[in-house]
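One structure is given here, and the rest of the page talks about it.
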Amino acid sequence: MEVPEKDWQHVEQDTQEIGRQIFAHLQDASPSILSRDGWDERLLTWCMRDESLKVGLFRFIDVLPTLTTSEQVVHHLSEYLAPHEKALPGLFRWGLRVASRRDLAARALAFAVRRSALRLARRFIAGATMEEALRVVQALRRRQMGFTLDPLGEATVSEEEAEAYHRRVLTILDALTSHARQREPSPLLDRDHRGPLPSVNVSLKLSSLHSQFNPLDQEESVEVVKARLRSILRRAREVGAFVTVDMEQYEFKDLTLRIVKALLDEEEFQGREDVGVVLQAYLKDAEQDLHDLLTWVERRRASIGVRLVKGAYWDYEVVIARQQGWVVPVFTEKWQTDLNFEKLTRLLLEHDDLVRPAIGSHNIRSIAAALAWARHLKVPAEALEFQMLYGMGDPIKDALVRLGQRVRVYTPLGELIPGMGYLIRRLLENTSNESFLRHSFAEHWSPEELLKPPGPVPGPSAVSPAPSAPALGEPPPFRNEPELDFTHEAHRRSMHEALVTVRSRFDRFYPLIIGGEEVRTTRDLVSRNPARPEETLGRTALAGLEAAQQALDSARRAFPRWAFTSPQARAELLFQAAALMRRKRVELAAWEVTEVGKPWREADADVAESIDYLEYYGREMLRLGKGQRLGDAPGEVNEYLYQPRGVAVIIAPWNFPLAILTGMTSAALVTGNTAIMKPAEQSPIMAWHLMTIFQEAGFPAGVVNYLPGLGEEVGEYLVTSPLVDLVAFTGSRGVGLRIYELAAQTKKDQRGPKRVIAEMGGKNAIIVDEDADLDEAVRGVVASAFGYAGQKCSACSRAIVVGSAHDPFLTRLAQAAASLKIGPPEDPGTALGPLIDEEAYRKVLRYVEQGRREARLVLETDVSHLKTGYYVGPTLFAEVPPAATIAREEIFGPVLAVLRAAEFEEALEIANGTEYALTGGLYSRSPAHIERAKAAFQVGNLYINRKITGAIVGRQPFGGFKMSGIGSKAGGSDYLLQFMEPRTITENTLRRGFAPPEGDRA
Ligand SMILES: Cc1cc2nc3c(=O)[nH]c(=O)nc-3n(C[C@H](O)[C@H](O)[C@H](O)COP(=O)(O)OP(=O)(O)OC[C@H]3O[C@@H](n4cnc5c(N)ncnc54)[C@H](O)[C@@H]3O)c2cc1C
C-alpha cells in the first residue's frame, strides 16, 4: 500500500517523539554486559577496541567448556592472547606469565577464568536446568515481562539427537504448564485485543528436529520434521502453549516456511492461531516472503504469529555466499536492513487482522518506528508485542513496560557446551561495530544520532566491492564456477528434468573418435547404473590394440601443427569448451548420477570443477605462453619459454569421471600436446560427452582422441609405445607404479624418456584433538569418510582421536553415520549411494571381514532393503591398532577406522605412519597444535577444522607425495609446467659494436 508523503512525515515525527520518550526512561541505565564493572566486562571493552583481540578472546571462550584441566586452560589462554599481549592490561599479562610457570597459580587463573565465562554465559542463558529457567521466568514476570523459552542444543548430527531434542521440547512444555498454573494473572501479559494469550511460550529450531534436515531432500525433510513438530503442536494445544519456529540460516528458510505452512494446513491444525514464524529483515527475500505468508494466511483464515527480527547470521551468510560464488542473500549495508525492518513492520501492522506482530529488536529507533506506525494505523497497543533477548537491552525492556507495552523475553535454556554457539552469537552482536546496543550503551552516541531515519552513511561498505574489469583482450580473472545452490527450487527442478532427459537417451551406442572420425570395433563396453546394475545406460566401442595404434598415429600426425598453434588460440578453445560445458552442466551432472552413482551435489560439483580446470588452465597458459625475458645485460636477449612435449596419454579414473579427465586432458592440450583419452571402463559415457564438447569447441581432428579400452590391454600398449611422450594418470597406487615402471623403459626410435604424472591413493587421516568442536568434527569426518561412499582418493579412512575426546566423539560419530540416508543417487536426499561395481563391492566386504579380526566393529549398516545395487552402508571400527591392515591399506569404500591417541604428538605420529601422503585433517582449537600440524603433518593437502575432500581449483591445488603421487598439484600454478619442456634462447644483439636499445631486437 502506498503511503502519502505527509503520513511518512507524521510517522517520522512520532518516531522521534516516542524514541526520545524511551531514552528519557533509560536515564543513566546501562545494560550490565556493556558496563565496566567486572573484569569480564572490561575484557569486552578492550575487545571493542581491537578486532583481532576480540577474535582471539571469543575463540578462547568458545573452546573453554571443553578444557578439562587448569593446564589446558592456561595454555589455550596464552595461545589465544599472546599475539595481542600489548593490548592487554599489565596485571593480566603478569597473571598469565606466572600461571604458565606455577601450578597453583595456573589453577587459580583457570578457576577465575571459568567463573567469569560462566558468569558471562549466565547473562545470556537463563540456566542449565528447568528449575533455574523457572526462577528466571518468575523474575521476568515480577518485572511484568513474558517469556519464550528456547531449548539450546548441540548441532543435531544424528536421529538420536533429533529425538532427544524433540523429547526435551515436550518436557519443557509440560514443566512450564504446571508452573504457569500457579502464577498470579497479569492483564498486560495474559491478554491481547483478541482475548487471552497462551500462558506458555516456546521457541524451537527445525534443524534440531532432524539430523538430515536438507533443502535438497525436501520431501523427506518435510515428512520427518512435520511428524515431530506435529506431536509438539498437539502437546502445545493440550497445555495451551504458543510455539514459535525460529529462523536459521538462509539455506533452511524456504524449507522452514514450507513445513510450517504444510502442517498448519492439515485438518487438525486448521484454525490454530498459537503458532508463529520468524522473518529476517536482513534478507532481500523477506518482503516477498511476508507477502506470500499474508496470502497464505488470508486463504487459511486463521492468523499466525510473525516475529520480525533483523537476523542473527549476517557474517555467516556473507562469508558462505562469497565462498560459494553465490549471490549474497542479505543486505550488505546496515541501514538497508534497518530500513527494510521498518518497512516490514509497517506491512505487519497493516495486516494485524492476519498476523500477530512481534517486533524482535533492541534498537530504540526500530522500536519507536514500530510504535509510531501502530499509532498511525490505529493498531491497539495490546496487538503489538515487543520481544528481546535475555540479557540484552534490559533498560529498554523496562522502559517499554513502563510505556504499557507487552514485552516478551527470549530465554535460552541449556548447558554451556551446547550453548556456546548461542553465546558467541550474542557476544558478537553486542560488540559488533554496527550494533545499536554498542553505539548507545558503550559508545554513548546521542539520542539524535541514534534516532536518525535509516539511510546511506558515508564511508566504506561492510563488504568489499566487486573486482575491476580486466584489461582489453584479456579474459576476466579466474573465478571458480559456483556449485548449484539446490536450496533454489529452480535448480532442483532442472536436475529432475535432466534425469528424465538422460533416461530417455539410455541404450545409445558411442563409437571411438580417432582423428576426428567415428570408429567402431568388434567389442563393446557396457555402462551400467551402479544403483541398478541390471539397467544399461549405453554401449561404447571397446578399443583394441589396432585402434590404439591408430589413435597414436593420429595424435602424432596432429602434433606439429598443434604445437605451433598459439597459446592464445589454444586457451581460447578451452574457454569455448568451458562455455559449452556450462550450458550442458545439469545434463552432465545427471549422466554422472546414473553412470557412476554420485549423489546430486557431488555430481554437480564434479561438473563445476571440470569447468574450473578449463578456465584455470586456459589462463595459466596465457600467463606461461608469454615467456619471460631474463636478465638485463646489454647486448644480449635471453628468453625463457616453453614447448610442448608431444603425445600425451591420459588415463583417468571413474570416481571424478569428468573433472579429472577434463583436468588432465585440458592441461595436455593447452600446453600444445596432442592427447589420447583413455577413460575408466566404468565411465566411458561421461568421457564421450567431454570428447564431443572438445569437438564442438573446435579442437582440430586428431588433437584429442577418444579411446575407451581395458587398462591392462590398451592402457599398457599406450604407456609402452615409443610414440608417447607423456602419461598423465590418476588411479590406484598399484597401477600408478606399474605405469611408472613401464614408462621408464625406453625403446628404439623413442624421442626421449617419458614424463609420468601420477595421482595415486591415500590412507587419509583426520586428527580429532581433545579440544575439538565435536559438532564440527563429527560432521566433517562423516562427510569426508562417507561422501560418495568413501570412493574418493581424498576420503578420510582413519579418524585419530586424542584423549578424552575419544568416547563422546565415537558415540556421536556412530549415531551420525547410522542416520545417513542410503539409497539410489537419483533420489536427491541420498547421502550415500552404491559402490561402483561388483568387484569394488566384494573388495570392500573383504576389508570389512579383515576389520572384524583386527578391531571392534562399532557400526555396520543393514542395507538389505535395497534389493539391487552394490551397497555397503557406513562401517565403523574402533580400537584399531595403527599396524592393522584396515589402518594401512587404502579401502575405496565407506569403511572408517577410529584410532586412539593419548596425546596430540602421538596422533601426529600415527597419522604420518603410512606410506601415503595425500590429504589429512585436523580438528583442533589449540593454535599451537594447529601450527604444529602445519609443520609436521606429512600430506599434500592439509585441512584444518573442515572436511578433507572437495579441493577447489586454484584455491586448494590438489595432490600428494610419498606413495600418493608423482608430480605437481592439479589445479595449481605448477601443474602445466609438467606438460612442457622449458627452453632458454640467448641472442647476441651486439653487431659491429652497437646494440639495439633495451627491449628491441636486432
Ligand atoms: C526475541 C528475539 C528472537 C530472535 N529470533 C531470531 C531468529 O529466529 N532468527 C534470527 O536470525 N535472529 C533472531 N533474533 C536475533 C536478531 O536477529 C538479532 O538480535 C537482531 O538482528 C539484532 O537486531 P537489533 O535491532 O536488536 O540491533 P541492531 O544493532 O539495530 O541491528 C543489528 C543487526 O543488523 C544487521 N546487520 C549488521 N551489520 C549489517 C550490515 N553491514 N548490512 C546489513 N545488515 C547488517 C544484522 O542482522 C544484525 O544482527 C532474535 C532476536 C530477538 C530479540
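We count ligands from 1, going down the list as the structure has it; atoms in each ligand are counted the same way. All heavy atoms count here, side chains included; hydrogens, waters and symmetry mates do not.
In this structure a side-chain-to-backbone donor-acceptor pair under 3.5 Å is present from D775 to A155. Checked by atom type and distance alone, the side chain of R194 never pairs as donor or acceptor with a backbone atom of R356 at under 3.5 Å. A side-chain donor-acceptor contact under 3.5 Å links R438 to the backbone of T431.
The pair R135-E131 does not meet the salt-bridge criterion, since no charged nitrogen lies less than 4.0 angstrom from a carboxylate oxygen. Contact check on R20 versus E17 returns no salt bridge, with no Lys/Arg side-chain nitrogen under 4.0 Å from an Asp/Glu carboxylate oxygen. Checked for salt-bridge contact, R141 and D190 meet the test: a charged N lies under 4.0 Å from a carboxylate O. With salt bridges taken as basic N to acidic carboxylate O contacts below 4.0 Å, one links D398 and R143. A salt bridge between K334 and D338 is present, with a side-chain N of the basic residue lying under 4.0 Å from a carboxylate O of the acidic one.
Close approach to D246 involves these atoms of ligand 1, each under 4.0 Å from a residue heavy atom: 8 (O). Ligand-side atoms of ligand 1 in range of Y282: 47 (O), range being under 4.0 angstrom from any heavy atom. Set against the non-hydrogen atoms of Y313, the atoms of ligand 1 under 4.0 Å away are 11 (O). Annotation for ligand 1: atoms under 4.0 Å from non-hydrogen atoms of S361 are 24 (P), 25 (O), 26 (O). Contact atoms of ligand 1 toward E429: 18 (C), 19 (O), 20 (C), 22 (C) (distance under 4.0 Å to a heavy atom of the residue). When each atom of ligand 1 is checked for a heavy atom of E434 under 4.0 Å away, the hits are 29 (O), 38 (N), 41 (N). Atoms of ligand 1 found under 4.0 Å from any heavy atom of H362 (numbered from 1 in listed order, with element): 19 (O), 24 (P), 25 (O), 26 (O), 53 (C). In the vicinity of V278, heavy-atom distances shorter than 4.0 Å reach the ligand 1 atoms 7 (C), 8 (O).
The heavy atom nearest to atom 52 (C) of ligand 1, considering only T337, T244, T256, L389, is found in L389. Across the listed options L437, V309, L450, V309 owns the non-hydrogen atom lying nearest to atom 50 (C) of ligand 1.
At a heavy-atom cutoff of 4.0 Å, ligand 1 is contacted by the side chain of Y410 but not by its backbone. When heavy-atom distances to ligand 1 are checked against a 4.0 Å cut-off, R307 comes that close only through its side chain, counted from C-beta outward.
In terms of the side chain to side chain donor-acceptor pair (under 3.5 Å) criterion, H439 has no residue partners (sequence neighbours excluded). Among residues two or more places apart in sequence or in another chain, the side chain to side chain donor-acceptor pair (under 3.5 Å) test is passed with W8 by none.
Heavy-atom separations between T332 and ligand 1 include at least one value shorter than 4.0 Å. In this structure, E333 counts as a contact residue of ligand 1, since one of its heavy atoms falls inside 4.0 Å of the ligand. Ligand 1 lies within reach of S435, whose nearest heavy atom is under 4.0 Å from it.
Residue K334 has at least one nitrogen or oxygen atom sitting less than 3.5 Å from a nitrogen or oxygen atom of ligand 1, judged on distance alone. Residue-to-ligand polar distances place Q280 within reach of ligand 1: an N/O pair is separated by less than 3.5 Å. Where the criterion is an N or O separation shorter than 3.5 Å, residue side chain and backbone included, M388 fails it with respect to ligand 1.
Residues R307 and S203 have side chains that bring a donor and an acceptor to within less than 3.5 angstrom of each other.
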